[in-house]
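Keep in mind it's a predicted model, so treat the numbers as computed, not measured. Heavy-atom basis, side chains included; hydrogens, waters and symmetry copies ignored.
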Amino acid sequence: MTTILVILFSVFTALLWLSTFGWLALLGAMTMFRRPNADRLAEGKIDIAVVIPSLNEEHLIQAKLQDMKRTDYPPDRMRVLILDGGSTDKTPALVTQAIEEGGAVQLIRLEHAHGKSDQINYALLNVAQDIIVFTDVDARLAPMCIGELVRTLMREPSTSVVGAVIHPDTTFVEERIYWSFLNTLWWLEGEALGSAGVSGVCYAVRRCSVLPLLPGIRVEDMHLALAAAARGLGVRLCRTAHATEVRVPHTIREFFRFRYRRGHAYLSELLSAARGEWTTKRRLIVCVVRLWHFFITPLLSIGVLLTGTALAWTPYWPWLLGTLLAFAVPAAGIMLATERLMPTGLPRRTLIQGVCRLGGLAWLALLWTSLSTRWSRG
C-alpha cells in the first residue's frame with residue numbers, strides 16, 4: 001500500500017510541477033533561442049483608429065476623453081471613435097459636449113447593438129484605417145502605449161493582434177500579483193509560440209487580418225486572439241505598452257467572482273477553439289495546455305494533497321520536504337520578480353501572504369470553473 005502511495009504521489013507531483021513551473025521554464029528557454037526580428041521600423045507614423053466601446057459610462061467617459069489627450073501619438077494621424085451601444089444615461093451628451101468644445105473625437109451611436117461584440121464588429125467592418133486600437137472606457141493608457149502597440153504591428157507583418165501590459169489600479173495585493181504573473185505568461189507565450197492572450201483593456205489589431213466576431217461572443221479580446229492564432233497569425237504582448245485598469249476587484253470576494261466569471265467565458269472560448277482547425281501545432285499547444293490548466297491541474301493538486309497527507313504518517317515523510325522545496329524555490333524566484341511591481345514600501349511578509357492567498361483563490365476559481373463547465377455541458 002505504501003509503495004502505491006509513493007508512486008501516486010510522485011506522479012501527481014511531477015505532473016503538477018511540469019504543468020506550472022515546467023511550462024514557464026520551457027517557454028523561457030524557447031524565448032531565449034528565438035531569433036530576434038531584424039525588420040526595421042517604418043519611418044514616421046501611419047493613420048490609425050482608436051475605438052472606445054461604451055455603454056452607460058457617464059462616470060468614466062470624461063476621464064477617458066482626457067486620457068486620449070495625453071497620448072503622444074500625433075493627433076492628425078489618430079481618429080478617435082466612441083462607439084456607443086445604446087446608452088440611456090448622459091454618456092452621449094457628455095461626448096457631444098466634448099466635441100462641441102473642440103474635442104478631436106467622433107461619436108457613433110449604435111442603438112441596436114447587442115453587447116460589445118457588435119461594437120467591435122462595426123469597427124472591423126466600417127473603419128477605413130488598417131490598424132485599430134481598442135481600449136475600454138475604464139482604461140488609462142501611458143502616453144507611449146498606443147504608439148508602442150502600433151510599432152509592434154508595423155515591425156512584425158505576421159502579427160495580427162498585440163496586447164498591452166495591464167496594471168490594476170488597486171492596493172489589493174492578490175490582484176496586482178495576478179496581473180504581474182499573467183503579463184509575464186502572455187509575453188512568454190507570444191514570444192515563444194506566437195499565441196499570447198490579450199486583455200480588452202487595450203489591444204491593437206491589423207484589421208485586414210482579423211475576422212469579425214461570431215454571434216454570442218462574450219470575451220471578444222480572447223476570441224480575436226484565439227481565432228488569429230488558429231489561422232497561423234501572430235498574437236503578442238508588447239512589454240513597452242502599459243495600460244491601467246480602473247474597474248478592478250478590491251476584495252477577496254470581488255476577486256473570486258470576477259475571476260470565475262471571466263474564467264468561465266474564457267474556458268468556453270478555449271473549448272470552441274480546440275474543436276476548430278489550427279494551421280500550426282505550436283498554437284494548438286497553447287490551447288491544449290490552457291485546457292489542461294483548467295481541467296487537470298486542480299485535480300492534480302487534490303491528488304498531491306491527499307497522497308501527501310497519507311505519506312506524512314509513513315517513513316517516506318521526508319519526500320514531502322523535497323516536494324515543498326521543489327515548488328518553493330521557483331515560487332520564491334517569481335515572487336522576487338513580482339516584488340518590483342508591488343506598491344512602494346510593501347512589507348515582504350505581506351507579499352508572501354498575498355502569493356499564498358492568490359494560489360488558494362486561483363485553485364478554487366479553476367476548480368469551480370471546470371466543474372461548473374462540465375455540469376453546464378451535461
Side-chain angles (χ1 to χ4, degrees), residues 21 23-42 45-46 48 50 67 70-73 131-136 139-170 175-206 221-222 224-226 228-229 233-246 248 282-283 286 289-290 330 333-344:
F21 300 117
W23 176 240
L24 290 174
L26 176 62
L27 292 174
M30 294 176 66
T31 300
M32 289 177 60
F33 291 102
R34 180 176 176 266
R35 181 179 299 177
N37 194 310
D39 294 343
R40 290 193 172 189
L41 291 175
K45 304 287 185 177
I46 65 170
I48 67 169
V50 178
D67 181 55
R70 289 190 290 268
T71 181
D72 64 2
Y73 205 85
I131 291 183
I132 305 176
V133 177
F134 292 100
T135 176
D136 286 342
R140 303 294 173 260
L141 310 184
M144 295 175 56
C145 181
I146 292 177
E148 291 300 303
L149 292 175
V150 173
R151 275 188 283 272
T152 301
L153 284 174
M154 292 172 63
R155 181 176 63 244
E156 302 176 358
S158 63
T159 297
S160 177
V161 183
V162 178
V165 172
I166 308 302
H167 304 279
D169 184 19
T170 180
E175 179 73 2
R176 294 177 66 90
I177 298 173
Y178 170 83
W179 274 110
S180 174
F181 171 78
L182 196 61
N183 288 328
T184 301
L185 176 63
W186 283 351
W187 179 78
L188 287 172
E189 289 179 342
E191 296 302 303
L193 301 171
S195 184
V198 298
S199 169
V201 174
C202 186
Y203 63 97
V205 303
R206 196 184 305 274
D221 45 7
M222 284 300 175
L224 287 173
L226 288 170
L233 300 172
V235 182
R236 289 186 168 82
L237 194 76
C238 177
R239 290 197 294 179
T240 54
H242 297 267
T244 299
E245 186 177 17
V246 176
V248 294
R282 62 179 184 171
R283 267 94 174 187
V286 175
V289 168
R290 194 69 78 247
I334 294 175
M335 186 192 70
L336 291 175
T338 301
E339 190 174 9
R340 296 181 292 106
L341 303 176
M342 294 297 103
T344 304

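- To the nearest 0.5 Å, atom CD1 of residue Ile131 and atom CG of residue Leu153 are 5.0 Å apart.
- Side-chain polar atoms of Arg206 and Ser160 form no donor-acceptor pair below 3.5 angstrom.
- For the pair Asp169 (side chain) and Glu245 (backbone), a donor-acceptor distance under 3.5 Å is absent.
- A 4.5 Å side-chain heavy-atom check between Trp187 and Asn183 finds every atom pair outside the cut-off.
- Counting heavy atoms from C-beta on, the side chains of Pro168 and Tyr178 never come closer than 4.5 Å.
- Counting heavy atoms from C-beta outward, Leu149 and Tyr73 have side chains that stay 4.5 Å or more apart.
- Residues Ile166 and Ser199 share a closest heavy-atom pair of CG1-CB, 3.8 Å.
- No side-chain heavy atom of Phe134 sits less than 4.5 Å from a side-chain heavy atom of Asp221.
- Shown here for Cys202 and Ala243, the closest heavy-atom pair between the two residues is CB-CB, 4.0 Å.
- When side chains are defined from C-beta on, Glu148 counts as touching Cys238, because their heavy atoms get closer than 4.5 Å.
- Inter-residue side-chain proximity for Leu237 and Val165 is flagged as met; some heavy-atom pair is nearer than 4.5 Å.
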Next item on the list: Show your working on side chain to side chain contact (heavy atoms under 4.5 Å, CB included) between Ser158 and Leu233 and close with a plain yes or no.
Entry: CA-CA 6 Å; Ser158 63; Leu233 300 172; 5.9 Å; no
Margin query: Go through it in stages, so that I can follow the logic: the residues are Glu189 and Arg290, the test is side chain to side chain contact (heavy atoms under 4.5 Å, CB included), and I'd like the CA-CA distance, side-chain angles, deciding distance and then a yes or no.
Written below: CA-CA 11 Å; Glu189 289 179 342; Arg290 194 69 78 247; 2.6 Å; yes
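- Counting heavy atoms from C-beta on, the side chains of Val150 and Ile46 come closer than 4.5 Å.
- For the atom pair Met144 CE and Thr240 OG1, the distance stands at 6.0 Å (nearest 0.5 Å).
- Taking the six-membered ring where the residue is Trp, His242 and His167 present parallel rings, their angle staying beneath 30° rather than reaching 60°.
- Once rounded to the nearest 0.5 Å, the distance linking SG of Cys145 with CG of Asp67 reads 9.0 Å.
- The CD1 atom of Ile146 lies 7.0 Å from the OG1 atom of Thr135; values are rounded to the nearest 0.5 Å.
- Taken from CE in Met32 to CG in Leu27, the straight-line distance is 13.0 Å, to the nearest 0.5 Å.
- The pair Glu191-Arg239 does not meet the salt-bridge criterion, since no charged nitrogen lies less than 4.0 angstrom from a carboxylate oxygen.
- If you take CH2 on Trp186 and CZ on Phe181, they are separated by 11.0 Å, rounding to the nearest 0.5 Å.
- Screening Val161, Val198, Thr159 against Arg236 for a side-chain contact (heavy atoms from CB on, under 4.5 Å) leaves a single residue, Thr159.
- Residues Thr184 and Leu182 are not in side-chain contact: their nearest non-hydrogen atoms beyond the backbone lie 4.5 Å or more apart.
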Next item on the list: Carefully, step by step, assess Val289 and Trp23 under the rule side chain to side chain contact (heavy atoms under 4.5 Å, CB included).
Entry: CA-CA 9 Å; Val289 168; Trp23 176 240; 3.7 Å; yes
